[in-house]
Amino acid sequence: MKAKHILISGASIAGPVLGWWLSKYGWQVTIVEQAPSVRMGGYAVDFRGTVLKVLEKMDLMDDIRQHETRTGKITLVNKNNKKIASLPDGFTSGELEIMRGDLVKILYDKTKDRVNYIFNDSIATLNEDKDGVQVTFKHHAPARYDLIVGADGLHSKVRSLIFGHERKFSSFLGIYVAIFTVPNFANVGMDGYYYTAPGKRVGIFGAKDGKEAMASFYFSSSPFYYDRKDTGKQKAIIRQEFENTPWHVPQLLEYMDQSDDFYFDSVSQIKMDHWSKGRIALIGDAAHCPSPMSGMGTSAAVMGAYILAGELMQHDYVEAFGNYEMEMREFVERCQAIADGVDWFVPGTRFKHWMSQQMWKVLPYTPWKNMMVEMPARVANSIGMKEYGEVEMVVG
């Protein structure tokens, strides 16, 4: 089989995983990323179930465990930092948890010597014909590729170019989120703490073996426009929403102004009938973002990249894209369903907030205390591990 050249848009998680597998199978892989380098920062991501076998096949387990977060207990507190309730062990951390930035760096280091990375650039146009896809870039010279894959996240440029405007596929869940690194000024160790008020949730979680912490701000809202490239205005949104909020919030807002890894976005899902058109396909959040509320986005991204690479190695792109969707569709739908009823996480009214507090208080004493851990585990194990053989590739 003649080696083929594929362009992947996005150097976060799904893109480099796909690049790792395809380069292993002999493909020529180029990854274009609009950021000037790999993007660090972000929240902790976790893995459960079948996807752990993919990480083992990629020989990543030791690297990930060296950076494992090992989140401790999670406590819900009032404005005076007094305990209200404890969340179930493993509520957020899965079987294996790592900070998103650490995982991105590991994947980049594993692929940089056999994948061609183009940073500080993005796809401008895609023009497909019977033999390939002609690509123009914002900065680099035009080039031609056999296939294109969009692994460029919730706000995918590839998706918008080929399938249409984001509003056709995006399902907003009524919440916005901001995450950034802060000093561990509250001495939380590796534990996590949440303070909630009607329509708001603020968290502090230990990171880097307790040397620092991650702050998270959630608020419920109707959808509104904001400039995704203007971090200053995004920080202003958080300050306006939380300026009169007690607990550690005033100190967190001061650290937010100094933060260089600030992340802000809507909590949304992407739902599409098809993830490919012609020679162009989508993976990860670009295809089927389940939202952070599911806890399954990273697992779905890694699993999808593994399956797509295996199918492309064995079949022509038409059959491979079809098989990839068939293998992933039910799993993705189960991942997205975990986020149903997400308003329990950030209750928008005083009554719902009060009910939520009562729920967490009694949960440890009910038969459902492990439900929040067991349900994602069942979903994570609901997809089988398809084995792919290898074929000999001829470069050139």
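Computation of the quantities below employed the complete heavy-atom set of this structure, encompassing side-chain atoms and omitting hydrogens, waters and symmetry-equivalent molecules. Predicted model only: the values in this text are computed from it and were never measured.
Closest approach of Phe242 to Leu253, counting heavy atoms only: O-CD1, 3.9 Å. Taking all atoms of both residues into account, the shortest heavy-atom contact from Gln234 to Arg228 is NE2-O, 3.0 Å. Here the shortest heavy-atom pairing between Tyr324 and Ala287 reads OH-CB, 4.3 Å. A pairwise comparison of heavy atoms in Asp59 and Lys110 identifies O-NZ, 3.9 Å as the closest pair.
Ring geometry, Phe119 versus Tyr117: the interplanar angle falls under 30°, so the pair is classed parallel (tilted spans 30 to 60°). Relative orientation of the Tyr145 and Phe137 rings is perpendicular, given thresholds of 30° and 60° on the angle between their planes. Ring geometry for Tyr218 versus Phe345: interplanar angle over 60°, hence perpendicular rather than tilted (30 to 60°).
Side-chain atoms of Tyr388 and Glu311 include a donor-acceptor pair closer than 3.5 Å. A donor and an acceptor atom, one from each side chain of Arg100 and Ser12, are located under 3.5 Å apart. Donor-acceptor pairing under 3.5 Å is lacking for the side chains of Tyr226 and Ser266.
Under 4.0 Å is where a charged nitrogen must lie from a carboxylate oxygen, and between Glu387 and Lys53 no such pair does. The pair Glu33-Arg39 meets the salt-bridge criterion, with a side-chain N (NZ, NE, NH1 or NH2) lying under 4.0 Å from an Asp/Glu carboxylate O. Classification of Glu243 and Arg239 as a salt-bridged pair fails, no side-chain N sitting under 4.0 Å from a carboxylate O.
From Leu126, atom CG reaches atom CG of Leu161 across 5.5 Å, with rounding to the nearest 0.5 Å. Separating the NZ atom in Lys105 from the CE atom in Met40 is a distance of 7.0 Å, to the nearest 0.5 Å. Taken to the nearest 0.5 Å, the CD1 atom of Ile64 stands 11.0 Å off from the OG1 atom of Thr69. Interatomic distance, Leu18 CG to Ile283 CD1, rounded to the nearest 0.5 Å: 4.5 Å.
One hydrophobic cluster, built from ILVMFWY side chains closer than 4.5 Å, cannot hold both Ile237 and Ile179; they sit in different ones. Under a hydrophobic clustering in which Ile, Leu, Val, Met, Phe, Trp and Tyr are joined whenever their side-chain heavy atoms come within less than 4.5 Å, directly or via other members, Ile8 and Trp275 fall into the same cluster. Met293 and Phe219 are not part of a single hydrophobic cluster, where members link through side-chain heavy atoms under 4.5 Å apart. Note on Val362 and Met355: separate hydrophobic clusters, where clusters join Ile, Leu, Val, Met, Phe, Trp and Tyr whose side-chain heavy atoms are under 4.5 Å apart, directly or indirectly. Cluster membership check: Tyr195 does not share its hydrophobic cluster with Ile84, using side-chain heavy-atom separations under 4.5 Å among Ile, Leu, Val, Met, Phe, Trp and Tyr.
Cluster note: Met326 groups with no other residue, as no ILVMFWY side-chain heavy atom lies under 4.5 Å from it.
Taking the side chain as every heavy atom from C-beta outward, Ser268 and Ile175 never approach each other to under 4.5 Å. Between Tyr306 and Lys57, some side-chain heavy-atom pair lies under the 4.5 Å cut-off. Looking at Met313 and Trp21, their side chains never come closer than 4.5 Å, going by heavy atoms from C-beta outward. The side-chain heavy atoms of Phe180 and Phe217, taken from C-beta on, include a pair separated by under 4.5 Å. Between Phe172 and Ser291, every side-chain heavy-atom pair lies at or beyond the 4.5 Å cut-off. With a 4.5 Å cut-off on side-chain heavy atoms, Val104 and Ile13 count as touching. With contacts defined as side-chain heavy-atom distances shorter than 4.5 Å, the pair Phe331/Thr50 does not qualify. Between Leu173 and Gln269, some side-chain heavy-atom pair lies under the 4.5 Å cut-off.
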Apply side-chain contact (heavy atoms from CB on, under 4.5 Å) to residues Leu282 and Ile270 and explain how you reach the verdict.
CA-CA 11 Å; Leu282 303 172; Ile270 296 296; over 6 Å; no
Residues His140, Val32; criterion side-chain contact (heavy atoms from CB on, under 4.5 Å); working and verdict:
CA-CA 10 Å; His140 279 69; Val32 60; over 6 Å; no
Run the numbers on Ile118 and His139 for side-chain contact (heavy atoms from CB on, under 4.5 Å), then give the verdict.
CA-CA 10 Å; Ile118 301 174; His139 301 298; over 6 Å; no
Go through the steps for Arg279 and Ile148 under the test side-chain contact (heavy atoms from CB on, under 4.5 Å), then give the verdict.
CA-CA 6 Å; Arg279 293 175 174 269; Ile148 309 295; over 6 Å; no
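Each of Asp146, Ile31, Leu22, Thr30 was scored for a side chain to side chain contact (heavy atoms under 4.5 Å, CB included) with Ile6, with one residue passing: Leu22.
In summary, the aromatic rings of His248 and Phe185 are positioned with their centroids under 6.0 Å apart.
No more than 12 heavy-atom neighbours from other residues, nucleotides or ligands sit within 6.0 angstrom of CD on Glu330. The environment of Glu56 atom CD is dense: over 12 non-hydrogen atoms of other residues, nucleotides or ligands sit within 6.0 angstrom. Annotation: Arg350, atom CZ; neighbour count of heavy atoms from other residues, nucleotides and ligands within 6.0 Å does not exceed 12. Enclosure of atom NZ in Lys233 is not indicated, since only 12 or fewer non-hydrogen atoms of other residues, nucleotides or ligands lie within 6.0 angstrom. Atom CG of Asp227 has more than 12 heavy atoms from other residues, nucleotides or ligands within 6.0 Å.
Counting only distance, with no hydrogens or angles, the side chain of Ser294 and the backbone of Ala339 share no donor-acceptor pair below 3.5 Å. A donor-acceptor contact shorter than 3.5 Å is absent between the side chain of Asn80 and the backbone of Lys82. Side-chain atoms of Asp285 never come within 3.5 Å of backbone atoms of Gly297 as a donor-acceptor pair (strictly under, hydrogens ignored). With hydrogens and angles disregarded, no donor-acceptor distance shorter than 3.5 Å links the side chain of Lys235 to the backbone of Phe262.
With sequence neighbours left out, Phe351 forms a ring-ring contact (aromatic ring centres under 6.0 Å, His included) with no residue at all.
Trp20 carries Arg114 over the face of its six-membered ring, with the cationic atom under 6.0 Å from the centre and within 45° of the normal.
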